[in-house]
Amino acid sequence: WRRLLAMACVVWLGLWFAEARADDVIGFSIRGQMSATDQEAQEGYFNVGREFTIATRPGSPVHDDLKRMTGRNVVVVVEAR
């Protein structure tokens, strides 16, 4: 009986800490079509929908990936912990 009560308390505390930790996360996500004119893409600027612009260093691996994503629907997730 005491073991069961102790285990229940441990589980409850674990869930409580996990919930408190989850409350510390803030963020948002944007869904939209990745777009850029040729000049914007060369300079490292990419738009997601009308709300969000990504700037990256031209020639970097991220820049190359974003150029390949141009014209596709994407999801951008930003979280702070």
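Residue numbers run from 1 in the order of the sequence given.
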Would you confirm whether Gln33, through its side chain, and Gly71, through its main-chain N or O, come within 3.5 Å as a donor-acceptor pair?
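Yes, the answer is positive, given that a donor and an acceptor are paired below the 3.5 Å cut-off.
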
Keeping the roles fixed (side chain from His63, backbone from Glu43), state whether a donor-acceptor pair exists under 3.5 Å.
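Not a single qualifying donor-acceptor pair exists.
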
Where is the tightest heavy-atom contact between [X] and [Y], given as atom of each residue plus distance?
| X | Y | result |
| --- | --- | --- |
| Ala36 | Tyr45 | CB-O, 3.4 Å |
| Val75 | Ser29 | CG1-CB, 4.4 Å |
| Met34 | Met69 | CB-O, 3.5 Å |
| Pro58 | Gly44 | CG-N, 4.2 Å |

Inspect the surroundings of CG in Asp65 and state if more than 12 heavy atoms from other residues, nucleotides or ligands are less than 6.0 Å away.
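Yes - once you tally the heavy atoms of other residues, nucleotides and ligands closer than 6.0 Å, there are more than 12.
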
Indicate, with yes or no, if Phe28 and Val76 share a hydrophobic cluster defined by side-chain heavy-atom contacts under 4.5 Å among Ile, Leu, Val, Met, Phe, Trp and Tyr.
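Yes, Val76 connects to Phe28 through the hydrophobic network.
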
From Val74, Val48, Ile54, residue fulfilling side-chain contact (heavy atoms from CB on, under 4.5 Å) relative to Leu66:
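Option passing the side-chain contact (heavy atoms from CB on, under 4.5 Å) with Leu66: Ile54.
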
When rounded to the nearest 0.5 angstrom, what is the spacing between OG1 in Thr53 and CD1 in Ile30?
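With rounding to 0.5 Å, OG1 (Thr53) is 10.5 Å from CD1 (Ile30).
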
